[in-house]
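Naming: A, B, ... by sequence-line order, numbering from 1 per chain. Here the structure is a predicted model, which is why all the values come from computation and not from measurement.
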Amino acid sequence: MNPNYSVATQSSSSTLATNKLIRNTYTLLSMTLLFSAGTAAVGVMMNLSQGMALGATIAAIVMLWFVLPRTANSAMGIPVIFGITGLLGLGLGPVLNYYLAVNPSIVMTALGGTGAIFLGLSAYALTTRKDFSFMAGFLMVGLIVVIGASLLNIFLSIPALSLAVSAAVIMIMSGFILFQTSSMVNGGETNYIMATASLFLSIINMFQALLHILGAFNNND
Amino acid sequence: MDWIQIGTAIFLGAMLIFIFPSMRHAVKNAPKGSNKDWLNYLMIMVAVGLFIMFLIQMV
């Protein structure tokens, strides 16, 4: 009986495609993170105002929603993703300046902590190859809830609510990292630029939330 | 309330409006997880929470 080579070929070609996607995604993610760190440093050194930082963040989100989906399947997607991550990094300037003035170790601890959480979750999703697609609805609802709570807290200014939102952001972004990584492994995501954008947003939101939590508990000492 | 807070509120409101259809689509079409799947996620979140408590002690 002749073995079914076509099945083996399909399996190995899809495995190759998945491995290529994962490699391209993490390569682009590391480059965009470095670029974003550079623009964040520029924002810190320029002592960027809160207004400029907000403008940069809004411009990044507009590009993410309206420009990136149209360019993700072409070579233009690369400069667009660098533009988005650069603007988001620039927008971190005032926040980093504040926490560097309070206690520089907060920024370093938040950076290291975010990296460790991301590496741990990614390694878990990649090695176990579990399917986390069941979390999509829960994560999107959670995202709506934290955005709504943040919006409410602009008017209420309750510190405890702000901390609770930050804690929820970390949990939700952790979930998004698991979800996005398992999507790449299991074939749900095939575009490395969109995967990079999703992972980058998870990392930067987690970093900001961790900065806030560490800063709050540092002040309470 | 200064204009930065107003700008941030408008931005967050716009985000809610844009993300809402995606949320509805995800809730309707995402596969349902088993109790074991959710317990797995919960254990991972407990580990993340413990790690963050460790980071708080370090600062």
Side-chain angles (χ1 to χ4, degrees), chain A residues 49-51 53-55 57-58 61-62 65 103 105-106 108-110 112-114 116-117 120-121 124-125 128 130-144 147-152 154-155 157 167 170-171 173-175 178-179 206 209-210 213-218 220-221, chain B:
Chain A
S49 68
Q50 285 189 333
L54 180 64
T57 305
I58 290 172
I61 298 299
V62 167
W65 280 341
N103 183 354
S105 70
I106 291 173
M108 295 298 120
T109 307
T114 304
I117 293 171
L121 292 172
Y124 181 81
T128 62
K130 279 187 199 279
D131 185 9
F132 287 97
S133 59
F134 67 92
M135 288 168 49
F138 166 75
L139 292 174
M140 291 304 288
V141 170
L143 194 60
I144 294 275
I147 292 173
S150 299
L151 178 59
L152 202 65
I154 289 174
F155 304 101
S157 296
I170 291 175
M171 295 300 138
M173 293 305 139
S174 300
L178 289 168
F179 170 75
M206 184 183 288
L210 199 49
I213 288 175
L214 293 177
F217 283 97
N218 180 67
N220 287 340
D221 285 343
Chain B
M1 181 175 286
D2 61 10
W3 69 269
I4 290 178
Q5 285 179 305
I6 294 167
T8 307
I10 293 170
F11 172 58
L12 289 174
M15 276 185 75
L16 275 178
I17 292 166
F18 276 112
I19 292 175
F20 193 79
S22 301
M23 184 269 289
R24 226 170 30 184
H25 175 82
V27 167
K28 194 175 166 189
N29 297 308
K32 301 287 178 249
S34 65
N35 286 341
K36 191 179 169 190
D37 291 332
W38 286 110
L39 191 63
N40 183 38
Y41 173 64
L42 190 66
M43 295 308 294
I44 295 169
M45 290 304 105
V46 166
V48 169
L50 287 172
F51 180 67
I52 289 170
M53 283 168 64
F54 166 71
L55 290 177
I56 289 169
Q57 297 302 317
M58 280 183 63
V59 172

Spacing of A:L151 atom CG and B:I10 atom CD1 [to the nearest 0.5 Å]: 10.5 Å
Selection from B:V48, B:D37, B:I52 maximising heavy-atom pairs under 4.5 Å formed with chain A: B:D37
B:K32 atom NZ, over 12 foreign heavy atoms within 6.0 Å: yes
Candidate pair A:I213 and B:L55, rule side-chain contact (heavy atoms from CB on, under 4.5 Å), full reasoning: CA-CA 10 Å; A:I213 288 175; B:L55 290 177; over 6 Å; no
Chain A contact via B:N40 - side chain, backbone, both or neither, heavy atoms under 4.5 Å: side chain
Validation row: B:F11, A:I61 side chains within 4.5 angstrom (heavy atoms): yes
Minimum side-chain heavy-atom gap B:F51-A:I117 below 4.5 Å: yes
Contact class of B:I44 relative to chain A, heavy atoms under 4.5 angstrom: side chain
Ring centres under 6.0 angstrom apart (A:F134, B:Y41): no
Side chain, backbone, both or neither of A:M135 within contact of chain B (heavy atoms, under 4.5 Å): both
Toward chain B, the part of A:L152 with a non-hydrogen atom under 4.5 Å: neither
Most chain B-contacting option - heavy-atom pairs closer than 4.5 Å, from A:I170, A:L121, A:T109: A:T109
Spacing of A:L214 atom CG and B:Q57 atom CD [to the nearest 0.5 Å]: 11.0 Å
Crowding at CG, B:N29 (>12 non-hydrogen neighbours, <6.0 Å): yes
Minimum side-chain heavy-atom gap B:I19-A:W65 below 4.5 Å: yes
Toward chain B, the part of A:L54 with a non-hydrogen atom under 4.5 Å: side chain
Proximity breakdown for B:F54 and chain A, heavy-atom pairs closer than 4.5 Å: neither
